[in-house]
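Worksheet: one structure, shown below.
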Amino acid sequence: MSKELAKTYDPKGIEDSLYKKWIEKKYFHAEPDKSKKPFTIVMPPPNITGQLHMGHALDNTMQDILIRFKRMQGYNALWQPGTDHASIATEVRIIDTLKAQGISKEELGREKFLEKCWEWKKEYGGRITSQLRKLGSSCDWDRERFTMDEGCNKAVNEVFVRLYDKGLIYKGHKMINWCPVCRTTISDAEVLHESQASHLWHIKYKIIGTDDYLTFATTRPETMLGDTAVAVNPEDDRYKDLVGKKVMLPIMNREMPVVADDYVDMEFGTGVVKITPAHDPNDFELGKRHDLEVINIMNDDGTINENGGKYAGMDRYEARDAIVKELDEMGLLVKIEDYTHEVGIHDRCHTTVEPLVKEQWFVRMDELIRPAVEGVKNGEIRLVPDNMEKTYFNWTDNIRDWCISRQLWWGHRIPAYTCSKCKEMIVSKTAPKVCPKCGHTEFEQDPDTLDTWFSSALWPFSTLGWPENTDELKYFYPTDVLVTGYDIIFFWVIRMIFSGYEQMGKEPFRTVLFHGLVRDAKGQKMSKSLGNGIDPLEVIDKYGADALRFMLITGNAPGNDMRFSYEKVEAARNFANKIWNASRFILLNMEGKTVKRPGDDELAPVDRWILSKMNRIVSDVTENMEKYELGVAAAKIYDFIWNELCDWYIEMVKPRLYNSDDAVSQNAALYTLKKVLIASLKLLHPYMPFVTEEIYCTIKEETSDGGMDDSIMISKWPEYDKGLDFPRDEKSIEMIKEAVKGVRNARSAMNVPPKKKAEATVVSADNEVLESFKTGELYFKALINAPEVTYSNDKSGIPDDALSVVTGNATVYIPLAELTDLSEEIARLEKEEKRLQGELKRSNAMLSNEKFLAKAPESKIAEEKEKLASYEKMMEEVKERLSSLKG
RNA sequence: GGGAGUAUAGCUCAGCCGGGAGAGCGUCCGCCUCACACGCGGGAGGUCACGGGUUCGAGCCCCGUUGCGCCCACCA
């Protein structure tokens, strides 16, 4: 018995139960199997603090489309999911929660704090993955991983020790980026630059032994507390004499040298720079060259420390104001200029980052990055779209060592231990038992944790079991595609690439498919602070996951940002409903009938036409998808289903379905409908998994011919079939379509009431053309609303006042004397005449161009000649018709 | 200061190898035609940002200009 299909497709309820079925049947699960080719995608692990947003929805829809496509193509498809501990994001979150309870993390202590973190993970870590399920994501949940699970933890320690032993990880005093709010170091990649309106303060220091002053400009007057020199350019004649002299640092009353260094730009400001080696990267370098003292004047929270004298304890910005005021009072403030400059801010909390010198852990990049550069250069790894390579190389070419230590508690603790007796440092995967130097047995582990990206860099192989040499690792690595946003290319993509080459000796993935941002309808970035974010779950609830997925994929090219709009969601929802109803129609007509494979001669030309069209769509869509042109493929499927299958084929086939006298013809139509529908559903399935599955399973129940799978998601992807190529039928049906469109247009232009039936005569000198029309008479009559159609080789007997529809192959006459205003018919034909004139002009110009004839390809010339002949014929008809109407 | 984008219908965007400008939404006209009004049929609407160039032929390729955002960058 057939299932009753509702008139309107309602995704609610259906989606969840289908997803449950897929899970129960283990369709998402993949095991290494040498007899099949693997296809692997590792999911960019969402943060455990995260809530599903449109970016995730887009990212995961793309991955699901690819994995479902490949699975249907017969690959052993693994989509490896998991979540990221997101060290800083999570820690900040938990600190906030504690703060609300009046507790600080220090009060709680490290151990208790970590317990809270794990509690949080337990409670909220599954939230985002359950939201991903709502999207229809077909990932292998049995293999779900977490960046801080036991295996990933092992991988992290393994990599750390390996790199340390190779000298690629080191500890050193360097200039780092410090976030005074998060109170941790951050990497260069985490620093954003923001243009800020500020001032340039011109200040002067007294030159010792003279009455003169040296004037300079600074954007950070408060750092003067840590000044240890003043610098000028060695070539600068204005200051040559002063080099080697000393100036007096006011407030601190410190004598400092005037040094000469190329770094100083003579053109900028006064050509003099104050030097604060502890708080400016350039000054730090300059300080090293001139052996200057490094005086840190700042505490970790951004307040001035004891080195700042009386300003100790004051916030950095309060200190700035106070110091400027004091300098002014001392008569040392020359002037204040408005000045806009770039300020580094922390990407998480947007606090102005403080450059500081601290002892931290770093990954030496120069050597590690080489294979990563090579791999992309030689095409082992392909970036899509390929212009991302520029961005990639820009980063690799200017790479600096990666600061990996964080003053956070939630994360992988650095596996470095210090002997509490002799202070020997041991880097080891597990805590050492005995100090190799002094034999002592007590150690202190480094308190810092690793940058969260250190563990995600290992994700493509750590999730497959590395450092164990598992079957999964051997079988699924390297993975095939990585799908991600272009915004994390530096954080993640590059780091996975060099980690893969370093640890596995092989690239982590063969292709990186980048997508853009999902913006709001106005083009603004969706963000929590703007409150303009749209919750994908709400959209799913209202329109269905299929609609959301389809909306996100259509109408945008790889790497480009896109806008979210409900209009587009509605359009996608309407499309799902369209397929639903087309299927409903087909099922309705199949009811109670057994559809058999018809003989080749039983198929009507129109059947062969749609099969031929379908065949081409199958190969086009497959090709587009192989090339990651997901949006283009989606548009082609949409167009085929709606505009060819529904608007034309179903309408053309209706008269045959309603006429049960001709069982053979009816069967051929039903067979074709079913075949085309199933192929369409399969092509669409990666995009709209739910509605296609629901329909597919219903068809199966209806016919139970045994040739069908339990699920469309494990059914075979359609393939191009030479035997379904029918160019002649395509041509003849397109000709009839042209005539139908012409008649409809004419009727509409002449205001013929839609219900008014009118006979038609098809006139053509070509008997083959007439034959085609005759074969299609049943539907031709229905589509042009003619009770009767007659055929003739000439137009004798056609009344002068009939409507005439001129097409390239035939003219259709419709006597409508009583209904039409002749002058309107004349106007209509004159319009057509004008159009044809234009075409003839263009075509003639082309064909009379010697150079065109000489240089254009033959096929193009032949094509153009054919068009010209057709236009000439049409023009002749139109002219004749006009003269007889006017006469 | 570098780099990579983008500019196409009223709006949002597609446009593969260079060969007669497309979609969705909106708009106008007409339809509750026995799958679907989340629909059907028919229209209107474009100097493909601007200026050069290559080519038989340019939305597409080359050079330049302008507008718009984006990324990167240690000139105080």
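Here is the naming used below: chain letters follow the sequence lines, and residue numbers restart at 1 for every chain.
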Taking the inter-plane angle between the rings of A:Tyr339 and A:His341 on a 0 to 90° scale, is it parallel (under 30°), tilted (30 to 60°) or perpendicular (over 60°)?
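Ring orientation, 0 to 90° scale: tilted.
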With the side chain of [X] defined as its heavy atoms from C-beta on, choose the nearest nucleotide among [options].
X: A:Asp647; options: B:rG19, B:rG41, B:rC36; answer: B:rG41
X: A:Lys390; options: B:rC32, B:rG39, B:rG3; answer: B:rG3
X: A:Met846; options: B:rG19, B:rC38, B:rA76; answer: B:rG19
X: A:Arg563; options: B:rC38, B:rU12, B:rA76; answer: B:rU12
X: A:Ser748; options: B:rG41, B:rA35, B:rA76; answer: B:rG41
X: A:Ile650; options: B:rC56, B:rA35, B:rC36; answer: B:rA35
X: A:Thr8; options: B:rC38, B:rA73, B:rA14; answer: B:rC38
X: A:Ala557; options: B:rG15, B:rC36, B:rG19; answer: B:rG15

Between [X] and [N], is there a side-chain N or O to OP1/OP2 distance below 4.0 Å?
X: A:His193; N: B:rA73; value: yes
X: A:Lys578; N: B:rC40; value: yes
X: A:Tyr339; N: B:rA76; value: yes
X: A:Trp642; N: B:rC40; value: yes
X: A:Asn387; N: B:rG5; value: yes
X: A:Lys654; N: B:rA35; value: yes
X: A:Arg573; N: B:rC38; value: no
X: A:Asn398; N: B:rC72; value: no
X: A:Lys755; N: B:rC32; value: yes
X: A:Arg747; N: B:rG42; value: no
X: A:Tyr658; N: B:rA35; value: yes

Starting at [atom1] of [X] and ending at [atom2] of [N], how long is that distance when rounded to a whole Å?
X: A:Glu337; N: B:rA76; atom1: CD; atom2: C1'; value: 12 Å
X: A:Tyr566; N: B:rC13; atom1: OH; atom2: C1'; value: 20 Å
X: A:Lys860; N: B:rC56; atom1: NZ; atom2: C1'; value: 12 Å
X: A:Phe852; N: B:rA58; atom1: CZ; atom2: P; value: 12 Å

Mind checking the [atom1] distance from [N] to [M]? Whole angstroms is fine.
N: B:rU6; M: B:rC13; atom1: P; result: 13 Å
N: B:rA49; M: B:rC60; atom1: P; result: 8 Å
N: B:rG53; M: B:rG42; atom1: P; result: 43 Å
N: B:rC38; M: B:rG67; atom1: C1'; result: 39 Å
N: B:rG1; M: B:rU66; atom1: P; result: 13 Å
N: B:rG15; M: B:rA7; atom1: C1'; result: 15 Å
N: B:rC48; M: B:rA21; atom1: C1'; result: 8 Å
N: B:rG59; M: B:rG18; atom1: C1'; result: 10 Å

Side chain of A:Glu651, base of B:rA35: donor and acceptor closer than 3.5 Å?
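By the distance-only test, yes, there is a pair.
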Is A:Lys7 side chain donor-acceptor paired with the B:rC36 base, going by distance under 3.5 Å alone?
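Not at all, since no donor on one side and acceptor on the other fall under 3.5 Å apart.
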Indicate, with a heavy-atom threshold strictly under 4.0 Å, whether [X] touches base, sugar-phosphate, or nothing.
X: A:Lys274; result: nothing
X: A:Asp265; result: base
X: A:Thr219; result: sugar-phosphate
X: A:Asn560; result: sugar-phosphate
X: A:Pro857; result: base
X: A:Asn624; result: nothing
X: A:Lys855; result: base
X: A:Glu342; result: base
X: A:Phe575; result: nothing
X: A:Arg842; result: base
X: A:Phe564; result: nothing
X: A:Glu567; result: sugar-phosphate
X: A:Ala582; result: base
X: A:Tyr263; result: base

I'd like to know if the side chain of A:His199 pairs up with that of A:Glu337 as donor and acceptor (distance under 3.5 Å, no hydrogens or angles considered).
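On atom types as modelled, these side chains do not qualify, holding no pair under 3.5 Å.
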Under a plain distance cut-off of 3.5 Å, with no hydrogens placed, do A:Asn581 and A:Arg584 share a side-chain donor-acceptor pair?
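Yes - a donor-acceptor pair under 3.5 Å links their side chains.
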Return yes if some donor-acceptor pair links the side-chain N/O of A:Asn233 with the main-chain N/O of A:Val264 below 3.5 Å, else return no.
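Yes.
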[X] with [Y]: basic N within carboxylate O range, under 4.0 Å:
X: A:Arg616; Y: A:Glu644; answer: no
X: A:Glu863; Y: A:Lys867; answer: yes
X: A:Glu864; Y: A:Arg842; answer: yes

Taking the six-membered ring of A:Phe585 (Phe, Tyr or Trp), confirm whether the NZ or CZ of A:Lys654 is under 6.0 Å from its centre and within 45° of its axis.
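Flagged: A:Lys654 positioned over aromatic ring of A:Phe585.
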Judged by each residue's nearest nucleotide on RNA chain B, which is more toward the 5′ side, A:Ser565 or A:Lys741?
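Upstream on the strand: A:Ser565.
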Mapping A:Glu570 and A:Ser843 to their closest nucleotides on RNA chain B, which lands nearer the 5' end?
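Between the two, 5'-proximity favours A:Ser843.
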Does [N] pair with anything, Watson-Crick or G-U wobble, both distances under 3.5 Å, and if so, with which nucleotide?
N: B:rA37; value: none
N: B:rC56; value: B:rG19
N: B:rA44; value: none
N: B:rG5; value: B:rC68
N: B:rC25; value: B:rG10

Does A:Gln196, at its CD atom, have more than 12 non-hydrogen atoms belonging to other residues, nucleotides or ligands within less than 6.0 Å?
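Yes.
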Aromatic contact, A:Phe490 with A:Tyr392 (centres under 6.0 Å)
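No, the ring of A:Phe490 stays outside the 6.0 Å limit from the ring of A:Tyr392, centre to centre.
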